[in-house]
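Protein chains get the first letters and strands the later ones, always in sequence-line order, with residue 1 at the start of each.
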Amino acid sequence: MLDMLILAEKASAAKHMAKAFGGTSGTVAGKTYKIVHAHGHLMEFKDPEKMVKTDAEKERYSSWSDMKTMPWNQADFSWAKTYAKSYNSYTKKSKSTRDDVNAIKSEAANADAILIATDNDPSGEGDLLGWEIVNAIKWNKPVYRIRFADETPKSLNQAMHSMVEITDQFKQGEYLKSDARSKWDFLSMQLTRISTYAARQAGYRVKVINQGRLKSVIVLKIWQQQQLIDQYVKTPYYEAKFKDPAGHIFARSLKDDEQKQAARFAAEKDGQAEVDKYTKSPVTNIKRQHKTQAPGALIDLAKLGSILAKQGFNSKEVLATYQKMYEAEIVSYPRTEDKKITQEQFNELLSVVDAIAQVVGANQQLLTHRSLRSKHRATEAAHGANRPGVKVPSSLESLSKYGPSAQAIYRTLALNYLAILGEDYQFDRVTAELKLYPDFKTGFNVPVQLNYKAIFDDNDSDDDSNSVSDVVGPEAEPFVYQGANPKPTRPSADWIGKFLEKHNIGTGATRLGVQAQLTSGKNAFIKDQKGFYTLTQPGTIAAVLVRDSWIGSPNITKQLFDHMDEVGKLNESPAIVVNSATRVIEHDLPIILKNSRELTQFVGKQVKATKKYAAKPKTKGQLTNGKAVEFSSTWGGHKFTEGEIQQLLAGQVISFAAKSKAGKAYTASGMLKEQTYKGKKFWGFKADFGKK
DNA sequence: GCAAGGTC
């Protein structure tokens, strides 16, 4: 008999645990164990109509077109889960997780306790996916939990000595808050049904108009920015500034609109008149201050995606290629939320940094800072920030087999990591002012030693004074400076990434994932051109529909997360959080319907109807028992005549000339019947092929 | 046909 079945989140974690404990089974911390692993969530909610009991409820929760069925009553749902379908993007195969769950179940039969050893995500996701499996196998013996700082042997062994019992899942905050989050998001799917209905009502023959906490916020933000760009009118202004012989500009710092208005003129002649009030002035108070700057943070997946987007790689391909490189252990775990690394992780990589530098062509003599700066160090980082792996490729070229962006991924990751082994950037900050007009000042940086910047510079800093002479003065002349109100930024992958990060929406991985989703497929909402985003027609529809809604606001995620934290601390009931989703639907439903009436104004002509999504004409009528039914008015290329419709409603068999999909003509016989398609009931003509 | 969160 086993003491303990250790449940890891994924294969790589199970492998690290086996290495740390001395095999996939054995003895650790005085207990016999066996390690098994999931691969993320193995279970997911059933469809809404399969989580309710009565026929009336099933009908209500199947509807995409009756707005009176929403908001849903979450108390109607059993919240039952089913085996997830896992889709492998490079074999392009979808497979049920049933076998994985059963395999864990049979191993568990020999154990006294299950140890949930999934990731310790701040959102509680690891706890949720662990409990999903424990519940799915109907486990009713003790459950324990470990949380580890990282997956190095030292940290994993330490964790084994501080496991806690969590057998009552309803008292475990991490589980409760994550469960509430998943129910909230599930309920938000109503907004997709509402939006799809609203767009069709407005005459747009769309496929599905997806909405959710991430999707809606992204498309709305892009649309609003596009509006700002479209409405932008360049308004030049003329302002008095000074210039010295080397070209340094001396200007006043204009803090608010009032100051700007006083100093800037709409007409060039007024600007010139202002300039004429000044004379040439000596430069004075020249100060030179030595400054240093440490390397920036390690990049996350969304940032990597945006850097590579500029080089022409799309996010979907980057994600797939990164995953393959991770499986080959050439790069660290992709979907991390960590932006820092632990001391252990730093030490692990230290012995191979010179080899990495050689592969990517970095100057090894710059890698002198061999200790971990506190700004890059975390005490806990399950996977650590995105970085090269311990396995070093023989050359950049050898990486090509992983995908088109493989070399660029490795180069970027490696240089970004190696930069933290460089010394601080050193520069002089030079400032000066005018003797006659001390309000006019200049300031610029003169690089002294590039150090880490010579290894990797993500170009986020706006000082590009490299080419400017550091000789200031001796005097400066007034001139008319022509400026203009700034043009709004073009929406881009980088810009959206920063926006989502600022509002704490999604993780680095899900941010990139959602952007990949929105930019690919036939129903793409976003067109991606080297990282620059524009909305497609369905994307514009999605955005216009959620104007002034709650789902389109970044604030909704903030509120959800704030309340989740309270659930996590057992201060608030999960039901209250889940119910807040219902209030969002209540609020947004009428707004989306109202917005749909303004679609033509912003979207223009309707989407070209494709055969697949063209609305089929429907006939309404009453059966002999009085039941009202609606059914397609055509079948097999034949349009039912008024007489045939009456016969069908009366329950009679009719025959007519039809055409098969292959175009072959034949006589179809049959009657009106209630049928089922993909679990949903509908009325329609049903041919009796046996008697034809 | 629907979400977002894990995973491959």
Tell me whether the side-chain N/O atoms of [X] come closer than 4.0 Å to OP1 or OP2 in [N].
X       : N      : answer
R335(A) : dT7(B) : yes
K10(A)  : dT7(B) : yes
N210(A) : dG1(B) : no

At 4.0 Å (heavy atoms only), tell me whether [X] reaches a base, stays on the sugar-phosphate, or touches nothing.
X       : result
D121(A) : nothing
S188(A) : sugar-phosphate
T118(A) : nothing

Plane angle bin for W72(A) and F77(A) - parallel if under 30°, tilted between 30 and 60°, otherwise perpendicular =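 Perpendicular.
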DNA chain B-proximal residues of residues 35-42 of chain A, any heavy atom under 4.0 Å =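 Within this stretch, H39(A), G40(A), H41(A) sit under 4.0 Å of the strand.
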Output the rounded distance in Å from [atom1] ([X]) to [atom2] ([N]).
X       : N      : atom1 : atom2 : answer
L191(A) : dC2(B) : CG    : P     : 15 Å
L518(A) : dA4(B) : CG    : C1'   : 12 Å
D179(A) : dG6(B) : CG    : P     : 15 Å
Q190(A) : dG1(B) : CD    : P     : 19 Å
Y175(A) : dG5(B) : OH    : P     : 18 Å

Quick one: are the ring centres of W79(A) and F45(A) less than 6.0 Å apart?
->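 Yes.
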Who are the side-chain hydrogen bond (donor to acceptor under 3.5 Å, both in side chains) partners of K58(A), not counting sequence neighbours?
->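 Listed in chain order: nothing, the list is empty.
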Pick the nucleotide of DNA chain B nearest each of A11(A) and W72(A); which residue has the one closer to the 5' end?
->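 That would be W72(A).
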What pairs meet the salt bridge (Lys or Arg N to Asp or Glu O under 4.0 Å) rule with one or both residues in residues 537-548 of chain A, with sequence neighbours excluded?
->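 Residue pairs passing salt bridge (Lys or Arg N to Asp or Glu O under 4.0 Å), neighbours aside: R547(A)-E598(A).
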Is F186(A) stacked on the base of dA4(B), meaning ring centres closer than 5.5 Å and planes within 30 degrees of each other?
->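 A stacking contact does not exist, since F186(A) is not both close and nearly parallel to the base ring of dA4(B).
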Partner residues of [X] under the side-chain contact (heavy atoms from CB on, under 4.5 Å) criterion, sequence neighbours left out:
X       : answer
K686(A) : K673(A), Q675(A)
T321(A) : E317(A), M325(A), Y402(A), P404(A), S405(A), A406(A), I409(A)
K340(A) : A378(A)

